[in-house]
**Q** 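Before I ask anything, here is the structure I am working with.
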There are 2 protein chains.
Amino acid sequence: MKWDTLEEEPCSLSRTVAVVGDRWTLLILRECFLRVRRFEAFQSSLQITRHLLSERLKKLVRFGILRRVPYSEAPKRYEYILTQKGLDLYPVIMAMVHWGDTHMGDERGRPLLHEHKTCGKLFDPVMVCSECGEPLHAKQVHVHAGPGRQEAVG
Amino acid sequence: MKWDTLEEEPCSLSRTVAVVGDRWTLLILRECFLRVRRFEAFQSSLQITRHLLSERLKKLVRFGILRRVPYSEAPKRYEYILTQKGLDLYPVIMAMVHWGDTHMGDERGRPLLHEHKTCGKLFDPVMVCSECGEPLHAKQVHVHAGPGRQEAVG
DNA sequence: ATTTGACAGTTCTATTTTAGAACTATAGCC
DNA sequence: GGCTATAGTTCTAAAATAGAACTGTCAAAT
């Protein structure tokens, strides 16, 4: 497959996968949501090679998910901060965390607990229907072709 | 990094990424949710090489995300069906689809529309707090170390 | 009875990506 | 001048992926 054109496929999943669909990118985003911002900090917490980290950060900046912001003038140094587009990936990351909590746990219990500051409680993320508010399940959803596609895939 | 031990890291995101964190696996799962079940069907709709498709399907079966179910005795033929563990990946896929709809769209509009059979309406998936039901935003969440980890990462 | 086609893979080589380590560059501090 | 911190770049070796061809089973067509 031509990964360089994946982002133009008439499929929103493909387009998302084109941008964040690899191991390192997802792990880098985890660090971003844990407030990591600097090259050295990413590198040492992930043990990613400097070369790949550099590449992935450039790509995330290019797609508008991170902003490269100077924090020192001399020498010039930058940090990488989530844009709104990047912050909007939170449900993707949290959905993966929740699946891992549910299906990949061990006897030691959860690695992290999440507190919702708004209500003060420890929570799990739940995906609901924007219209009726009920939790979503794959079997209750029917897919239609939208305007961005000729015929439905299934 | 040692990808073979990623699934044992004390981090639910790492563990999830270890299983579904690559381009082909995510695309294969999309097809699964669109009711694709057979080797030839995956191969022709994704244009994935047969070798990689074979590998990825084996891996998904090994992790209990797909079940390999015979549908013909002679010749022996199998199809791949989502288990409950696999169906539980729906929020992950839908979160990615929704992000793509929101941030990677073009002038043609959405490729697919989703109808919630329960309420009959076209919807978007929304991630909410299990405790108070409010939509989740990264900045309203505070992370604590859980029992499965010694010290918090951030 | 032999050929053709469908299906579900496996095997092989060439190309691309990633890992791992070393190197570059700027500037502050001792 | 030498040491450290930070943010990269460059190089070679190893691993993963692409692309095409091949295998094996059986049914249906010739």
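Note on naming: letters A, B, ... go to the chains in the order of the sequence lines (proteins, then strands), and numbering restarts at 1 for each one. From a predicted model like this one, the values you see are computed outputs, not experimental measurements.
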**Q** If the condition is salt bridge (Lys or Arg N to Asp or Glu O under 4.0 Å), which residues does Glu134(A) pass it with, not counting sequence neighbours?
**A** none

**Q** Between which nucleotides of DNA chain D, 5' to 3', does chain A make heavy-atom contacts below 4.0 Å?
**A** dA5(D) to dG19(D)

**Q** Which is it for Ile93(B) and Leu26(B) under the side chain to side chain contact (heavy atoms under 4.5 Å, CB included) test, yes or no, and what are the steps along the way?
**A** CA-CA 8 Å; Ile93(B) 301 295; Leu26(B) 289 165; 4.3 Å; yes

**Q** When the nearest nucleotide of DNA chain D is assigned to Ile48(B) and to Leu57(A) on a heavy-atom basis, which residue is associated with the more 5' position?
**A** Leu57(A)

**Q** For Glu107(B), which residues count as a salt bridge (Lys or Arg N to Asp or Glu O under 4.0 Å) partner, sequence neighbours excluded?
**A** none

**Q** Using a 4.0 Å cut-off on heavy atoms, which residues in residues 14-25 of chain B reach DNA chain D? List them by number, or say none.
**A** Trp24(B)

**Q** Tell me, which pairs form a ring pair (Phe, Tyr, Trp, His ring centres under 6.0 Å) where one or both residues lie in residues 2-29 of chain A, sequence neighbours left out?
**A** Trp3(A)-Trp24(B), Trp24(A)-Trp3(B)

**Q** What residue pairs, at least two apart or across chains, pass salt bridge (charged side-chain N to carboxylate O under 4.0 Å, His left out) with a residue in residues 110-129 of chain B?
**A** Asp101(B)-Arg110(B), Arg110(B)-Asp124(B)

**Q** Please classify the nucleic acid contact of Phe42(A) as base, sugar-phosphate, or nothing, using heavy-atom distances under 4.0 Å.
**A** nothing

**Q** Could you state the atom-to-atom distance from CD of Gln43(B) to P of dC7(C) in whole Å?
**A** 12 Å

**Q** Does Thr49(A) put a side-chain nitrogen or oxygen below 4.0 Å from OP1 or OP2 of dT18(C)?
**A** no

**Q** Rounded off to whole Å, could you give me the CD-to-P distance for the Glu40(B) and dT10(C) pair?
**A** 13 Å

**Q** Sequence neighbours left out, what passes side chain to side chain donor-acceptor pair (under 3.5 Å) with Gln84(B)? Give chain and number order.
**A** Asp88(B)

**Q** Could you state the CD-P distance from Glu55(A) to dA19(C), rounded to the nearest angstrom?
**A** 11 Å

**Q** Run through the side-chain heavy atoms of Ile, Leu, Val, Met, Phe, Trp and Tyr, join any pair under 4.5 Å, and report what else lands in Leu122(A)'s cluster.
**A** Leu113(A)

**Q** Are any of Arg50(A)'s side-chain N or O atoms less than 4.0 Å away from OP1 or OP2 of dA19(C)?
**A** no

**Q** Side chain of Arg38(B), base of dA8(C): donor and acceptor closer than 3.5 Å?
**A** no

**Q** Mind checking whether Trp99(B) and His103(B) have parallel, tilted or perpendicular rings, split at 30° and 60°?
**A** tilted

**Q** Could you check how far CG of Leu52(B) sits from C1' of dG9(C), rounded to whole Å?
**A** 14 Å

**Q** Would you say the side-chain atoms of Ser130(B) pair up with the backbone N or O of Pro125(A), donor to acceptor, closer than 3.5 Å?
**A** no

**Q** If you check the His51(A) side chain, which of dG20(C), dG9(C), dA8(C) turns out closest?
**A** dG20(C)

**Q** For residues 44-96 of chain A, which residue pairs qualify under ring pair (Phe, Tyr, Trp, His ring centres under 6.0 Å), counting only residues two or more places apart or in two chains?
**A** Phe33(A)-Tyr90(A)

**Q** Tell me the stems DNA chain D sits in, counting at least three consecutive Watson-Crick or G-U wobble pairs, each under 3.5 Å on both distances.
**A** C:1-30 with D:1-30

**Q** Do any N or O atoms from the side chain of Arg15(B) and from the backbone of Glu9(B) form a donor-acceptor pair under 3.5 angstrom?
**A** yes

**Q** Side-chain N or O of Trp3(A) less than 4.0 angstrom from OP1 or OP2 on dT17(C)?
**A** no

**Q** Counting N and O atoms only, with roles assigned by atom type, does the side chain of Thr102(A) sit under 3.5 Å from a partner on the main chain of His98(A), one being a donor and the other an acceptor?
**A** yes

**Q** Can you give one letter per nucleotide of nucleotides 25-30 of chain C, going 5' to 3': B for a protein heavy atom under 4.0 Å from the base, S for sugar-phosphate only, - for none?
**A** -BS---

**Q** Leu46(A) has an atom CG; how far is it from atom P of dA19(C), in whole Å?
**A** 11 Å

**Q** Aromatic ring centroids of His114(B) and His116(B) under 6.0 Å?
**A** no

**Q** Tell me who clusters with Val128(B), hydrophobic residues only, linked when side chains sit under 4.5 Å apart either directly or through other members.
**A** Val126(A), Val128(A), Val126(B)

**Q** Quick one: Leu53(A) CG to dA19(C) C1', roughly how many Å, whole number?
**A** 14 Å

